[in-house]
Amino acid sequence: MIEHILTVKVTEAVKALYQHDADLSQIQLQNTRKEFDGDITLVVFPFTKISRKSPEATATEIGEYLSLNLAEVESFNVIKGFLNIVVRKEYWLSFLSNNYLVEKFGFQDSRKKQPVVVEYSSPNTNKPLHLGHIRNNLLGFSLSRILQAAGHEVVKVNLVNDRGIHICKSMLAWQKWGNGETPESSGLKGDHLVGKYYVVFDKYFKEEVANLVAEGMNAEEASKKAPLILEAQQILQKWEAGDEDVISLWKKMNGWVYEGFAITYQTLGIEFDKTYYESKTYLLGKELVEKGVQQGVYIRRDDGSVWVDLNAEGLDEKLLLRSDGTSVYMTQDLGTAQQRYDEYNPEQLIYVVGNEQEYHFNVLKAVLKHLGCSWAESIYHLSYGMVELPAGKMKSREGTVVDADDLMQEMFDTSEAMARELGKIETFDNDEAHNLYRTIGLGALKYFILKVDPKKNMMFNPAESVDFNGNTGPFIQYTYARIKSVLRKAEDAGFEIMLSESKDTGFMPQEKELLKKLHDFPIIVSQAAGMHSPAVIANYAFELASEYNRFYHELTILKEENISSRGLRLSLSQFTSKVISNSLWLLGIEVPERM
RNA sequence: GGCCUCGUAGCUCAGUGGAUAGAGCAGCAGCCUUCUAAGCUGCGGGUCAUAGGUUCGAAUCCUAUCGGGGUCACCA
């Protein structure tokens with residue numbers, strides 16, 4: 001990579017010219033802006049203190065050194081404090097010929113020994129997945145692929161919250177009002193059926209609370225004393241005691257949910273290497289807490305509850321074990337973190353969890369550090385922002401949640417309607433057409449969500465999400481299909497997709513811009529990995545597709561009579577199609593051969 | 001109230017201390033007898049919330065203020 005070569009040579013230049021060791025952070029290389037002449041620009045302001053000369057003079061001196069001592073440098077120009085470097089076309093040509101057929105261009109082959117463990121999804125089993133989970137799943141899955149491409153071994157894990165009061169509520173409502181309804185008898189997807197009874201529970205529970213309040217009880221007490229909630233708590237206690245009937249109902253209803261989730265995950269194209277269940281992990285962590293008590297880093301109060309004092313870290317006191325000895329959320333998270341550390345010895349433990357749990361993860365790290373777990377620093381909370389709707393926040397109680405299955409179906413329907421309207425599928429058979437609706441619909445949805453910086457809250461506007469023009473997934477997919485069409489025709493015509501040996505082939509501006517964009521890809525992948533951000537990839541993919549469309553529009557490819565030009569453009573096309581499909585693969589988006 | 005976070009074009013978003021702050025959508029005007037028009041080109045649109053500070057240089061870093069969101073449970 002030319003950036004690397006330049007960095008080394010600039011260091012050398014500064015040493016030779018000014019007898020000074022340049023700090024790596026002082027060497028700022030960036031792509032030359034389009035309005036200026038050049039390929040790569042060195043910002044020379046950081047060196048003016050060392051050179052004791054004007055920015056222009058410094059830039060000129062470094063530029064002269066580079067063009068004398070570096071074969072890749074053809075020429076340079078200086079504008080204010082910016083040294084614009086023109087890289088020889090031989091470099092670009094050899095870069096192109098070395099890479100345009102490389103299947104995994106931009107992806108690292110090497111694998112670090114220690115893996116990165118990425119936890120994402122982590123659903124509750126009392127209701128179906130919704131739009132918020134979709135953002136989580138897409139981020140986690142895409143991040144896993146990005147890290148993999150950046151040379152990490154990645155383990156994708158899911159921790160299913162399959163026990164607790166929430167599922168007991170669904171179980172109770174089903175027992176009381178379900179009349180033995182099953183997914184088969186109702187035709188409902190399992191997770192939707194269980195979710196239905198969660199809603200039923202809530203409805204009758206609210207009635208009870210309202211009645212109690214009408215009898216003069218205050219609202220808070222009423223919500224604790226309502227018969228339904230007491231009954232649900234009884235079920236939870238029976239579950240913990242291993243009551244056979246409760247366990248069997250719990251297994252049955254969770255089974256329905258898993259069947260439903262499996263379908264949703266499959267439709268969404270999301271996978272895991274390993275799935276953990278809280279029913280198996282919720283007791284973990286208690287021993288860790290006991291150990292902490294013995295070490296004196298945690299405090300046991302008179303009522304038996306255990307606390308940690310995090311005031312020194314700027315946090316509060318935090319409960320680690322209830323007075324009755326049972327676990328809280330933090331307890332089991334301590335346990336599962338330790339379990340993962342023991343199991344994988346990971347380089348990094350990543351949790352893809354919404355930003356409402358930032359405090360929780362700060363506490364988790366601090367508590368582990370108190371225990372002397374130095375690996376606590378390897379925990380990274382990918383704290384993503386909320387998904388908002390034009391109408392406001394999603395609230396399950398107000399029925400404003402966007403269901404994951406419904407949303408995907410809408411995307412499929414819209415892409416079908418659009419394809420028909422545009423007359424795109426006349427030569428498609430049924431399977432290919434349906435596959436296309438799926439590919440495009442999912443591409444639109446995934447891109448729409450992933451193009452936004454994970455850390456930020458995002459607005460999900462349904463009308464915009466089904467737009468297939470402009471900065472969208474289908475735009476990028478379309479560019480890919482377009483290239484494939486050109487390549488098929490080239491093959492039919494017997495044109496070779498290859499670079500000619502002749503050295504006098506200069507680049508047209510459109511060719512050069514496209515090639516430079518392709519050249520950026522490996523750096524973009526490592527940036528995305530470092531920033532834990534699929535959005536970096538998404539924005540790049542859009543820029544690349546735009547660049548190709550301009551190239552495609554302004555230059556002829558198949559009708560180009562100069563064979564070496566035609567070969568160059570076909571090579572660039574081939575290369576672009578590969579980089580587009582690799583970029584979209586990193587986002588979990590498929591590409592259609594035709595659309 | 002304490003802590004965290006965000007505020008960039010009418011809307012949705014890029015912009016990791018560097019050049020004249022960019023895209024898409026929406027609006028207007030063009031381009032299909034020529035490789036896929038789900039495309040391309042052009043036009044208009046900005047007090048980067050506000051006020052200070054640091055710096056050769058600030059949308060970006062610091063402080064304060066205003067506004068939005070989150071969080072501060074013997075819930076998860």
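Quantities reported herein were computed from a predicted structural model and do not represent experimental measurements.
- B:rG44 sits 37 Å from B:rG53 when the C1' atoms are compared, rounded to a whole Å.
- Across all strands, A:T48 comes closer than 4.0 Å to no nucleic acid atom at all (heavy-atom distances).
- Distance noted for atom C1' between B:rA76 and B:rA38: 43 Å (whole Å).
- At a threshold of 4.0 Å, the pair A:D202-A:K206 counts as salt-bridged, since one of the basic side-chain nitrogens sits closer than that to a carboxylate oxygen.
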side-chain contact (heavy atoms from CB on, under 4.5 Å) evaluation trace for A:H130 with A:V402: CA-CA 6 Å; A:H130 59 68; A:V402 176; 5.8 Å; no
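- The OH-C1' distance, from A:Y447 to B:rA14, rounds to 10 Å in whole Å.
- Nucleotides B:rG24 and B:rG68 are separated by 32 Å at their P atoms, to the nearest Å.
- Here A:F475 does not count as stacked on B:rA38, because the ring centres are not under 5.5 angstrom apart with planes under 30°.
- Comparing atom distances between the A:N539 side chain and each of B:rC40, B:rA14, B:rC35 picks out B:rA14 as nearest.
- Distance A:N471 CG to B:rC11 P: 18 Å, rounded to the nearest Å.
- Remark: C1' of B:rC4 and CZ of A:F361 are 15 Å apart, rounded to the nearest angstrom.
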Derivation and outcome, salt bridge (charged side-chain N to carboxylate O under 4.0 Å, His left out), residues A:K456 and A:E388: CA-CA 11 Å; A:K456 293 189 178 174; A:E388 285 160 23; over 6 Å; no
Derivation and outcome, ring-ring contact (aromatic ring centres under 6.0 Å, His included), residues A:F475 and A:F468: CA-CA 6 Å; A:F475 168 87; A:F468 296 166; over 10 Å; no
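- Salt bridge status for A:R550 with A:E513: absent, with no side-chain N to carboxylate O gap under 4.0 Å.
- Minimum atom distance to the side chain of A:M418 is reached by B:rA38, of the listed B:rC40, B:rA19, B:rA38.
- A cation-pi arrangement is found for A:R163 relative to A:Y282, the charged atom lying closer than 6.0 Å to the ring centre and inside a 45° cone about the ring normal.
- Comparing A:D453 and A:P474 against RNA chain B, the residue whose closest nucleotide sits nearer the 5' end is A:D453.
- One P atom belongs to B:rA58, the other to B:rA29, and the distance between them is 41 Å to the nearest Å.
- Comparing A:I557 and A:G314 along RNA chain B, the residue whose closest nucleotide (by nearest heavy atom) sits nearer the 5' end is A:G314.
- In this pair, A:F36 lays its aromatic ring flat on the base of B:rA19, centres within 5.5 Å and planes under 30 degrees apart.
- The residue A:A481 sits close to a base: some heavy atom pair falls under 4.0 Å.
- Using a 4.0 Å heavy-atom cutoff across all strands shown, A:M458 reaches sugar-phosphate atoms only and no base atom.
- B:rA26: no Watson-Crick or G-U partner with both key distances under 3.5 Å is found in any strand.
- In this entry the distance linking CZ of A:F82 with C1' of B:rG17 reads 11 Å, nearest Å.
- Atom-to-atom, CD of A:Q30 to P of B:rG17 comes out at 12 Å; the value is rounded to the nearest Å.
- Separating the CD atom of A:E554 from the C1' atom of B:rU41 is a distance of 8 Å, rounded to the nearest angstrom.
- Counting heavy atoms from C-beta on, the side chains of A:K53 and A:T48 never come closer than 4.5 Å.
- Residues passing the side-chain contact (heavy atoms from CB on, under 4.5 Å) test with A:R135, sequence neighbours excluded: A:L139, A:Y384, A:V387, A:I449, A:V452, A:M458.
- Of the candidates B:rU16, B:rC4, B:rG17, the closest approach to any side-chain atom of A:Q28 belongs to B:rG17.
- With distances taken from any side-chain atom of A:Y478 to the nucleotides B:rA19, B:rC4, B:rA37, the minimum falls on B:rA37.
- Contact annotation: side chain of A:T41 to base of B:rA19, donor-acceptor pair present below 3.5 Å.
- Stacking of A:K169 on the aromatic ring of A:Y198 is not recorded, the 6.0 Å distance cut-off and the 45° axial limit not both being met.
- In this structure, A:R482 does not reach the B:rC35 phosphate: none of its side-chain N or O atoms is under 4.0 Å from OP1 or OP2.
- Checking B:rA14, B:rC40, B:rA19 against the side-chain heavy atoms of A:N549 singles out B:rC40 as nearest.
- Phosphate contact (OP1/OP2 of B:rG39, side-chain N/O of A:N469, threshold under 4.0 Å): present.
- Of the candidates B:rA19, B:rU36, B:rC13, B:rC13 carries the atom nearest the A:M459 side chain, counting heavy atoms from C-beta on.
- If you check B:rA38, B:rU36, B:rG7 against the side chain of A:L422, the one that comes closest is B:rA38.
- The P atoms of B:rC11 and B:rC31 are separated by 32 Å, rounded to the nearest whole Å.
- Pairing of B:rG1, defined by two Watson-Crick or G-U wobble distances under 3.5 Å, is identified with B:rC72.
- By the 5.5 angstrom centroid cut-off and the 30-degree plane limit, A:F542 is classified as not stacked against the base of B:rG24.
- Picking from B:rG7, B:rU41, B:rU36 the nucleotide with the shortest atom distance to the side chain of A:K489 gives B:rU36.
- Protein atom CG of A:N562 is 21 Å distant from nucleotide atom P of B:rC35, rounded to whole Å.
- Side chains of A:S51 and A:T58: a donor-acceptor N/O pair is present below 3.5 angstrom, by distance only.
- Distance CD (A:E464) to C1' (B:rA23): 14 Å, rounded to an integer number of Å.
- Residue A:K451 places none of its side-chain N or O atoms closer than 4.0 Å to OP1 or OP2 of B:rG24.
- By the rule that a glycosidic angle within 90° of 0 means syn, B:rC66 does not qualify and counts as anti.
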Sugar-phosphate or base contact per nucleotide [nucleotides 69-76 of chain B; S, B, -; heavy atom under 4.0 Å]: SSSS-BSB
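- Dashed line: the shortest gap from a side-chain N or O of A:R33 to OP1 or OP2 of B:rG18 is not under 4.0 Å.
- A:R594 comes within 4.0 angstrom of a base, heavy atoms only.
- Minimum atom distance to the side chain of A:V452 is reached by B:rA14, of the listed B:rA14, B:rG22, B:rU36.
- Across B:rU5 and B:rC62, the matching P atoms stand 9 Å from one another, rounded to whole Å.
- Distances from the side chain of A:N84 to the nucleotides B:rA38, B:rA19, B:rU36 place B:rA19 closest.
- A:T7 places a side-chain N or O within donor-acceptor distance of the main-chain N or O of A:E3, the cut-off being under 3.5 Å.
- The gap from the C1' atom of B:rG15 to that of B:rG7 amounts to 15 Å, rounded to the nearest Å.
- A donor-acceptor contact under 3.5 Å links the side chain of A:Q527 to the base of B:rU16.
- Under 4.0 Å is where a charged nitrogen must lie from a carboxylate oxygen, and between A:E543 and A:K517 at least one such pair does.
- Contact annotation: A:K424 side-chain N/O to B:rU36 OP1/OP2 distance is not under 4.0 Å.
- Within 4.0 Å (heavy atoms only), A:P46 reaches at least one base atom of the nucleic acid.
- Across the C1' atoms, B:rC13 and B:rG17 are found 22 Å apart, a figure rounded to whole Å.
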